[in-house]
Amino acid sequence: MIVVLLLGTLCVSKPAPAIATDYVCRSESLSEASVSASVELNDRRRTQTKVLSRLTVHVPAEWPYATGLLLGKDSEEYRRAMRCLLRSEESQAQWWGEWRSSHPVITSEKGGVRVQVDTYGWAERQGMLYVGPWDIDIGKDHWKVSLNPPALAQARWTSVTVKPGTSSILSATPRPSANDDDSGLVWRQKPGQGMPQLSVRLDPPWQRSWAAQQERLRFYLTNGTGGLMWQWSTAALLLLGARRMRRSGPLSPGEVLPVRAATWWASICIVLSLLHIGDNVFYTVMRRHVDEGMWADRQAHHGLLINLALGWILFTFGRPRRLTIWLAAVVLTLPGVVVALSPRSFGLTANAFLAASSPDKAVLALFTATGCVFAFLLLGSVAAAWRLARTVGLVSRHPVSSPAGPAGARELSLRWTAPLLMLAVVVIGMCAASTSERNWQRASWLSAHADARYGIDHLQALRQDLAWFAVNSQDWWIGFTWWTLSGLVVLAVLRARAHRTAPAPQDPGPVDEFWMLLFFPLMVGLGLGVFVGNGTMGGLWFFLNLGSLALVIALCRGKGVLDQPLQRSGVNLRAALAPSRRRDLLDRARRFREVHAKLRRLDQGQSDDEAHNRRSLEHELRSLHRWRTSTGVADRLPSDVSVVDAALALGPEDSWWANGRRAARIAALVGLPASALLVWAETIHGEFLTSTLNGQFGLPGIALGVVYWESTWAAAGFLLGALWRQLPGRRGPVRILPLAGAYALPIGVDAFGNWLTYEEQTNLALYAVSMLLVLTITSIVFDLRVFRSERRYWQSRLGLLLSVYQMRYFSLQIAYLLAQLVTLFTLWQFFTDGGGPPERGSGDPGGGSGPS
């Protein structure tokens, strides 16, 4: 954490002197108030039920606090008046499960003031949920809705409405007066009657009931199974892939280190999963079966040591070579070790860790230890990523004459690493601190700020967030780090496979395809399979993604352009197109297009002086199809394959690795607008914005979202380029369809599961359409790269594209129409789906009651 949070916990929220204030609500003066209330359980096409409340009160002018409603929202008179209408006579109340989409609407009217308050909450865990004047008791099997605004008990209640959504109503007392059009129960009181002692017992659908049991041990254990299955499956396939490489023959010198790294990373995956997911399960079990006083904050206490263990695992795997990096690691480790092993020396406790009565030196010690441990966790991730990026070739090399060091790959240095890490820790800490303060202001918006208790509660909420920062940051960061490093490990092995011989092989072999299958679910496929809020099925999506690509490769095998046989010898076309003959093939392809252009002009009566007659042009076309096999035997290209088709099927580079690398760069650049769109849809659009602003790592998550999608596009482009020669189709936009289908198949299965469980589809269609568009544009640019030597002869790339694809006006119109339809569908999906997840940790006081 950073200075903002430290100052807040030490200075800003110090208890203010108590002020003698009358907090009695004068309820007798509200007997003439006119009140209506409604509650709706909105659970259609949602995972968790959204509880929406509306309270409308016509406050009489005789009420002593009526004028306070007309004052500013930061005035104590306003808070006191609103507190009486919505809460109780207590001066302090923090409702962590309640949210407001807008401020209360206050309107002056004849004889008083009209107040309308709209609030909502999420039924995501068992226990009491307080939303406006409503108490929702979320039980294991049944829910109970009650009306409980103490100060308005004697007011004139004109109507009360309960809309149960898809839940069945088991009982309702007193007997309702009517049933409205939306299947809601309505109570209308007669003049002189007070608030009804309302109690409605509901039987929610099993999907909504199970999604609201996140605090149950059974739910938590099964939810963690999906994550463990995903990581353990990755580890198993890494070991299997390394074993297959060793059995296929002796490893080349360049393959030894990547294969060894993959083997080590497989073991690290198991350890990371146990520390990252297993510790949450362990502490949840302990809190359920051991005295609360003994295990209340043990996880927060041990979070420092667990983060240090994770950091050292990653740091050791990275093996930085500079001594200064190791010294920095030791310096960052010491504060966390000292505070974690000897908390009492700083005023901390072994069980509660940072208690309300802890002195300021305890806050300072925990602040220092937390910041250093988080910085070290980032350093360990950077060291591991740097090692793998250097192996993959993503790190530039020193030239021989460089003053920065000897020739070879660059080493990780503190010169740039230290400032960037410090900046990252400060920015993330500031975002976490601002989120903590925002959540506190939201939950305590009606508390009396002048009361001494307000400062004490404020201080304790900020301290709790500081105490749990190590645990929450671990859960947030390690998942992203594991995904990134696992993809780099596989990519390093693929690069070693591609460079095991010189020249590099033109097509991937069976072992290479195995590693590509593993690469697809790690870096391209979506981690879906979360139904009714539980990720038990999520591990299956690893194999569903892997299987979808395996199915595509199997179905496409032998159907590519290069798999067609030559007309006479029957030799595979791939074997007849050596890299040394690329120049000849491109020259023929250019001449082929020129001859066809002349034939079109002859058909239109536009022959020029240089044009041959049709017979001579056709004879030239036949001669362009003559080819020789690799042994020099005269032959002809397949009858349905032109020289342009053959050139495009080769791709712009001479090996599958070079093609993959080129396509990855193109896809990453092409995907920038798609990344911005998807990050907007996932973090800012609709209800997602509230989750982003109130999640402890919501704002930093926007940056990670951009990195995630850019990595996804680059990885998809790499697979497209690597498999380019094997995919069927004569042009790029057709060749990408199998890969786009492999990406969309798991999405379709997930959408079907959401349909069965009556949940929202969120942005699933947008994901599939975005991948299709990115791959389509990438393939077009990829095709143009094949004929990049001709770019100087054309005024624009569009002209070259029309020549390569031999497109004319009708084809352009069809393509333009299809682009419009795709864009329209994307915009429709984007602007009509307003669904979003509940605000995570909405019931946690300051997010400090456990890991989010």
Side-chain angles (χ1 to χ4, degrees), residues 1-18 92 94 96 279 283 286-287 290-308 332-375 425 429-430 432-441 443-444 447 449 451-474 696 841 844-852:
M1 301 293 282
I2 45 80
V3 177
V4 175
L5 183 56
L6 178 63
L7 292 177
T9 56
L10 293 179
C11 304
V12 175
S13 299
K14 287 295 185 181
Q92 301 300 315
Q94 292 89 42
W96 298 96
D279 70 321
Y283 286 108
M286 295 304 296
R287 281 194 292 267
V290 182
D291 180 60
E292 180 71 14
M294 292 296 297
W295 285 92
D297 286 349
R298 287 281 184 172
Q299 188 174 5
H301 178 197
H302 297 156
L304 295 176
L305 293 175
I306 293 176
N307 273 10
L308 287 175
L332 292 175
T333 300
L334 287 178
V337 172
V338 173
V339 171
L341 296 182
S342 183
R344 297 185 184 276
S345 301
F346 302 94
L348 301 167
T349 59
N351 52 350
F353 206 31
L354 189 60
S357 59
S358 298
D360 290 345
K361 70 174 184 178
V363 179
L364 181 61
L366 183 58
F367 169 83
T368 304
T370 300
C372 291
V373 167
F374 184 59
V425 172
M430 290 180 63
S434 63
T435 299
S436 298
E437 181 64 21
R438 190 182 302 112
N439 276 325
W440 168 258
Q441 296 297 337
S444 64
S447 296
H449 291 196
D451 193 338
R453 188 64 199 174
Y454 178 82
I456 296 174
D457 292 344
H458 191 185
L459 176 66
Q460 182 60 16
L462 295 179
R463 287 185 169 190
Q464 278 291 92
D465 283 343
L466 176 61
W468 281 92
F469 181 83
V471 177
N472 295 335
S473 61
Q474 166 204 319
Q696 193 171 26
D844 297 340
S849 64
S852 58

Find the distance between [atom1] ([X]) and [atom2] ([Y]) and round it off to the nearest 0.5 Å.
X: L466; Y: L366; atom1: CG; atom2: CG; result: 4.5 Å
X: L305; Y: T333; atom1: CG; atom2: OG1; result: 11.0 Å
X: Q696; Y: N472; atom1: CD; atom2: CG; result: 4.5 Å
X: D279; Y: H302; atom1: CG; atom2: NE2; result: 11.0 Å
X: Q460; Y: R453; atom1: CD; atom2: CZ; result: 8.5 Å
X: C372; Y: N307; atom1: SG; atom2: CG; result: 12.5 Å

Distance-minimising heavy-atom pair for [X] and [Y]:
X: S444; Y: H449; answer: O-NE2, 4.2 Å
X: V471; Y: A300; answer: CG2-CA, 3.8 Å
X: P343; Y: F353; answer: CB-CE1, 4.4 Å
X: P335; Y: A369; answer: O-CB, 3.8 Å
X: K361; Y: G347; answer: CE-N, 4.2 Å
X: A365; Y: V339; answer: O-CG2, 3.8 Å

With distance as the sole test, does [X] use its side chain to make a donor-acceptor pair with the main-chain N or O of [Y] at under 3.5 Å?
X: R298; Y: M286; value: no
X: T368; Y: L364; value: yes
X: S473; Y: A470; value: yes

Discussion item. Distance alone, cut at 3.5 Å: any donor-acceptor contact between the side chains of S342 and S345?
Written reply: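 Indeed, the side chains of S342 and S345 share at least one donor-acceptor pair under 3.5 Å.
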
Item to complete: Decide yes or no on side-chain contact (heavy atoms from CB on, under 4.5 Å) for S358 and R463, but give the supporting numbers first.
Response: CA-CA 10 Å; S358 298; R463 287 185 169 190; 4.0 Å; yes

Discussion item. Ring-plane angle category for W440 and H458, please: parallel below 30°, perpendicular beyond 60°, tilted otherwise.
Written reply: parallel

